[in-house]
Amino acid sequence: TPSVPRKERIKDPKDIMRSVDPAALYMLEKAKDQNLISSYDRFAAQQPQCAFGYEGICCRICFQGPCRIKPGDGPGSKGICGATAYTIVSRNIARMMAGGASAHSDHGRHIVHALLHAAEGKLADFKVTDVEKLNRVAERIGISAEGKTENELAVEVSKAALEDFGRQTDEPCTWLTTTITDGRNKKFADCCIAPTAIDRSVVSLLHQTHIGTDADPVNIIFGGLKCGLADYVGMHISTDLSDVLFGTPKPVVTEANLGVLKEDKVNVIVHGHNPILSQTVVNVAKEMEAEAKAAGATGIQLSGICCTGNEVLMRSGVPIATNFSSQELAIMTGAVDVMVVDVQCIMPSVQAVAECFHTKIVTTMDISKIPGAHHFAFDEEHAVESAKAVIRLAIEGYKNRQGMACDIPQIKNKVIAGFSVEAIVELLAAINPETPIKVLTDAVEAGELAGVALLCGCNNLESVHDNNHLTIARELTKNNVFVVTTGCSAQALAKAGMMAPEAIEEYAGEGLKNFLKRLADANQDKLTDGLPLVFHMGSCVDNSRAHDLSTMMAKQLNVDTPKVPFVASAPEAMSEKAVSIGAGAVAMGYPTHVGTMPPIEGSPLVFGIATQIASDVYGGYFIFETDPMVAAAKLLASLDNRTWKLGIHK
Ligand code: XCC
């Protein structure tokens, strides 16, 4: 159980320290002076939050309710239909998994359609960029490239991906079976949780959790795990085919935090998740520098928030402005000319803040509009034209901004990012070209590294903004854990300077220091700026890259993934996507820490399924721990346990 009891987690809003990011704190002071309201104020205004909802025992599945149940006996201890706490909690959390899987996979479907239509010659602005990746994906899923043009191959691969969305027969998804160990394939088949199709898993789970269908919490959670694996399939398809369309990331050098905004440039922030539009904006911006200069600016400054930011950071070195919780604060600098958003994690409040400045919010997707914002329907057939229109709007914004004050905190840090699995393998191959992954597993077997950890997921103001990410990363690296990271976690670490080479000296334990030094020395010719302390693997869908890394380690160690010294942590999880990612991670066999409480404490049984029974069945389990120091200790203990079981004595 979490070391901090529920009651002690509730603080007086006045005592809440709001962020450890100095740029965010600077902007929060300014917001206070100017009476600007942000999510930080709204979080405080919501305290104390409803305990029924917080613990997952508020049922809103039918509208006889809401049923808020009280533990104990008597009629009030169950919902009107008779649903007990374990049924209500498991249904609620499973529905979050369905929501998360829907978001990731719908994003994936968009990418598949773009690749398919580009390969069919219907989209002039997109093409197969990474032919090698296309060939590797095709080979992995059993499609021969022989005698086919790259477009013909891309059409076949795209159609195979679409099958994983809509298959009506009972074979498991191709993107699942071909990317995991034999042991996991057998386990998922034995437990009947291998998804046959993404859409079907989501629909089945919504059906399963309808009033009066499933009341069995174990069965409901297993349905949720199937959706968690469907989410994995959607993420993996997104990553693979985004790489095919836009290129597989390689190391890039850039910067992070609000100091990347420039008063004398046209500032365009890309925000959301889908790289189709944002990558086009990035490509087009280069051609439009002259137009910006003609308007009096010194150029165009692109930067990113959330995962669309991570996508263009990984492939094009676009700097990070900030992460989820502080998105409104970027606008409060007064320097943002346009914030162009696509889907997911965009607070509707950005429009209200933008209205206090000259900033224009541009929505681009038909399922994601904000009243008052500009909507440019982004259409792949006219992608370049749409991207140019967005940048022209920003240039207009720059002109309107003249004479208005900007207040940009001059805080930013150097970032070395771009670590796809391919990029990591290439680094390792400089030491062992035959079996690159052995360099990593050897370091674990020798006790030089304590293991590998994935830090991922969101911000959640239930914790101090970015604090859990930074504390856990510092503790893990001090104890020689090789840290890979994605999502807003990666952005927190980047903003704080943990992706700069100097951070190695400051934070890494001796073993990690030696390991990274060997890696840097062997790659001196390629790395002009050295290596970071923690390795940025990309956006939330790119958690699939981390899964691939653990699967490669499992194969090299000749064990199944639950035996690999690999842990995952979402220190400040918030979204439904985080719940589905977590479910998939547990099914894959990882000890999976969550640093902000999901709504499951209302049922000790469901809590036990997540933290203990999951481990008996899948080898992976949840660690719910809100204190980041204790969480780091628990993650280290999990790694220790795994290395000990592998017979590694340190
Ligand atoms: Fe960040 Fe991906 Fe979370 Fe959204 S969900 S807050 S990690 S941007 Ni992925």
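Quick caveat: nothing in here was measured; it's all calculated off a predicted structure. Whatever order the structure lists them in is the order used to number ligands and atoms, beginning at 1.
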Nearest-contact summary for atom 3 (Fe) of ligand 1 - protein heavy atom, Å: Cys458 SG, 2.5 Å
List ligand 1 atoms under 4.0 Å from [X], heavy atoms only on the residue side.
{"X": "Lys577", "value": "4 (Fe), 5 (S), 9 (Ni)"}
{"X": "Ser575", "value": "5 (S)"}
{"X": "Cys307", "value": "2 (Fe), 8 (S)"}
{"X": "Phe324", "value": "6 (S)"}
{"X": "Gly457", "value": "7 (S)"}
{"X": "Met574", "value": "6 (S)"}

Can you confirm whether the side chains of Gln491 and His469 place a donor and an acceptor under 3.5 Å from each other? no
Could you tell me how the ring of Phe535 sits relative to the ring of Phe482: parallel (under 30°), tilted (30 to 60°) or perpendicular (over 60°)? tilted
Distance check below 2.8 Å: does Cys488 bring an N, O or S atom to atom 1 (Fe) of ligand 1? yes
Do [X] and [Y] come within less than 4.5 Å of each other through their side chains, counting heavy atoms only?
{"X": "Leu28", "Y": "Leu329", "answer": "yes"}
{"X": "Thr551", "Y": "Thr179", "answer": "no"}
{"X": "Pro571", "Y": "Leu470", "answer": "no"}

Please determine if Asp130 and Arg315 form a salt bridge, counting it only when a charged side-chain N lies under 4.0 Å from a carboxylate O. no
Aromatic centroids of His465 and Phe324 separated by under 6.0 Å: no
Is Ser539 near ligand 1, meaning one of its heavy atoms is under 4.0 Å from it? no
What verdict does the side-chain contact (heavy atoms from CB on, under 4.5 Å) test give for Val567 and His593, after you've listed the backbone C-alpha separation in whole Å, the side-chain angles of each residue and the deciding distance to 0.1 Å? CA-CA 8 Å; Val567 293; His593 163 248; over 6 Å; no
Of the backbone and side-chain N, O or S atoms of Cys345, does one lie nearer to atom 2 (Fe) of ligand 1 than 2.8 Å? no
How open is the angle at atom 2 (Fe) of ligand 1 from atom NE2 of His273 over to atom SG of Cys540, rounded to 10 degrees? 120°
